[in-house]
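Scroll down for the structure; my scribbles are underneath it.
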Amino acid sequence: MKYQTPRGTLDFLPEKCAERVLIEERFRNTFTRWGYAEIRTPTFEYFDALKLGTGDELIESMFAFEDKGGRLLALRPENTNPVCRVVATKMQHYSKPIKLFYIGPQFRYEEPQSGRQREFWQAGVELIGVNTPEADAEVIAILIEALQNIGLKDVRINLGHVGVFKALVKEAGISLSDAAELRKNIDKGNLDALEHELEVLSLQDKLKEAFRLLPHLKGGIDVTDQLLELVESQDVETAIENLRAIVKVLDGYPYTGQISIDLGIVRGIDYYTSSVFEAFVPELDESALGGGGRYDTLISEFGGKDVPATGYAIGIDRCHLALEKQNYEFPSPEIRILVLYITQEERNIAIQTTISLRRAGFPVLLNLEEKGIVAGLKFADKLNIPYVIIIGEKEAKKLEVTVRDMNIGSQESVTLANLIEYFFTQMTK
Ligand code: HAM
């Protein structure tokens, strides 16, 4: 117990860590190419600020604690709220749209299971200051691109609109707590609990039927017709028109067949106002790799006027799991050359050779203890290092080294002056 990490946390040993860093770098690369700039916010903040706009589900999951001065703090459970705080308080003068991304750890006190930790990493994007279907579509497009660029196959997006749910709640005139319960049951797909709740609520039959229908409205954009036939509500119509407009913009992107409508997506966080979406791959069908949507009123909760915004976050842990399930082959570790010297006399030449190869861009290990050639070659073999440079007394005198190609077992002499060029030629073969 003493030396275990707390429940829901993970150590990443070098091999896994290298894979994670690669995933993060690929996300960073995609976001940057789309014109988004990185932002970093503290991992802990004032509880009262972090809870704004998020709702009970997230608030209950927060790791909250008092500091030594009695101030109530919490570890951030997600990064959209902190980004909005920064935009509202420090970035008012930036010209819009503001395009931001973040990559970092988040914390939720949840029941750990595969793909669900208490400390997990997110890579997210926030597009602030534009309320057009083009902006909604762009964010969904970067989600697909980002997931594909880390190597995932068969990425699918389920797209809904929380405006539809909110319009039905308005029509029904039900209490906030009843609405929250309905949303939770729809979001989690608890259909029995949803049915039970609808039975006890006194509502028009058509509205009951509409709530009942939401989790089943999946497929092409035409599924929204069923709802329009059932209820007459200007707000429902407006929400569906907005959804149609977003789908129309998405038709211009090369993702035909990857996006489906799912009006059962209502999300577990409060701040969403319109489009909402989640990303999946078939190998991890039950857990979303990422999710997001439009939140046009969150920024004003930190002061000032409403600023429209949309974004999403991807769970890096789940992406890693999904890549493993898809048998993705991560590139093998990078060390390409091991430098061995036979006696202390050749140490300085070995150091200089290593330094100049590293400066030329090759990842190189220098032997740090007297191993002898045989042990050195065994070591290179174990680590799958493809080339070993051996520097002995005779070679050093002639300003030469022996290069052993570990894959074919051959050796040749190369002058120090030609060594960098030699490796450039070898490694581009
Ligand atoms: P979220 O749906 O709560 O949204 O989280 C986004 C993603 O983070 C999930 O799809 C999942 O992959 C990952 N995730 C969430 N909780 C855990 C966990 N306990 N363990 C592992 N992975 C987890 C948000 O966080 C919003 N801030 C997204 C957003 C950005 N909306 C607008 N902008």
Side-chain angles (χ1 to χ4, degrees), residues 7-10 20 23 27 31 36 39 41 50-63 75-87 98-128 135-136 138-140 142-143 146-147 150 152 155-160 162 184 187-188 265-281 284-299 307-323:
R7 245 166 90 68
T9 64
L10 293 172
R20 302 266 304 193
I23 296 172
F27 281 140
F31 301 153
Y36 288 68
I39 183 166
T41 64
L50 277 182
K51 71 178 192 190
L52 277 186
T54 54
D56 288 347
E57 202 176 311
L58 218 51
I59 292 172
E60 276 160 26
S61 78
M62 279 206 255
F63 278 88
L75 299 179
R76 61 178 187 212
E78 57 98 55
N79 230 145
T80 307
N81 160 301
V83 166
C84 290
R85 174 186 54 73
V86 178
V87 169
I98 303 175
K99 297 180 162 190
L100 301 171
F101 79 87
Y102 47 83
I103 296 177
Q106 319 291 338
F107 308 87
R108 295 184 195 174
Y109 198 86
E110 294 183 300
E111 219 22 63
Q113 48 182 272
S114 169
R116 185 177 300 280
Q117 276 101 248
R118 291 185 174 168
E119 179 182 26
F120 59 97
W121 279 56
Q122 283 185 336
V125 153
E126 312 294 349
L127 167 51
I128 292 152
D136 295 85
E138 165 160 308
V139 162
I140 295 167
I142 318 171
L143 175 56
L147 291 172
I150 63 165
L152 284 171
V155 174
R156 290 183 353 244
I157 301 292
N158 293 345
L159 171 62
V162 80
K184 199 165 130 196
D187 181 49
K188 306 244 180 288
I265 295 186
V266 283
R267 310 276 294 142
I269 306 178
D270 267 8
Y271 49 62
Y272 295 106
T273 51
S274 329
S275 63
V276 279
F277 51 85
E278 286 173 351
F280 295 88
V281 287
L284 222 67
D285 211 17
E286 292 298 304
S287 4
L289 295 181
R294 176 165 285 285
Y295 52 95
D296 286 344
T297 53
L298 179 59
I299 293 174
V307 181
T310 175
Y312 65 79
I314 297 172
I316 295 181
D317 304 76
R318 288 194 195 164
C319 288
H320 200 175
L321 201 63
L323 283 167

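In each ligand, atom 1 is the first atom listed, and ligand 1 is the first ligand listed. We're numbering straight along the sequence, starting at 1. Only a predicted model underlies this, so the values are computations on that prediction, with no experimental measurement involved.
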Under 4.0 Å from ligand 1 - residues by heavy atom, chain and number:
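Residues E78, T80, Y102, R108, E110, G115, R116, Q117, F120, Q122, E126, R267, I269, Y271, Y272, A288, L289, G290, G291, G292, G293, Y295, G311, Y312, A313, G315, R318 each place a heavy atom under 4.0 Å from ligand 1, listed by chain and number.
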Answer yes or no: does atom CD of Q113 have more than 12 heavy-atom neighbours from other residues, nucleotides or ligands under 6.0 Å?
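Yes - once you tally the heavy atoms of other residues, nucleotides and ligands closer than 6.0 Å, there are more than 12.
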R116 bridged to D317 by N-O distance under 4.0 Å:
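Salt bridge flag = no for D317 with R116.
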Got a salt bridge between E119 and R7, using NZ or NE/NH1/NH2 to carboxylate O under 4.0 Å?
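Not counted as a salt bridge, because no side-chain N and carboxylate O are separated by less than 4.0 Å.
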Y295: which residues meet the ring pair (Phe, Tyr, Trp, His ring centres under 6.0 Å) condition with it, sequence neighbours left out?
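Y295 satisfies ring pair (Phe, Tyr, Trp, His ring centres under 6.0 Å) with Y271 only.
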Taking only residues two or more places apart in sequence or in another chain, which ones pass side-chain hydrogen bond (donor to acceptor under 3.5 Å, both in side chains) with R267?
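Scan of R267 (side-chain hydrogen bond (donor to acceptor under 3.5 Å, both in side chains), adjacent residues dropped) gives Y272, E278.
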Can you tell me which residue pairs pass the salt bridge (Lys or Arg N to Asp or Glu O under 4.0 Å) test with a partner in residues 76-86, sequence neighbours excluded?
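Non-adjacent pairs meeting salt bridge (Lys or Arg N to Asp or Glu O under 4.0 Å): E45-R85.
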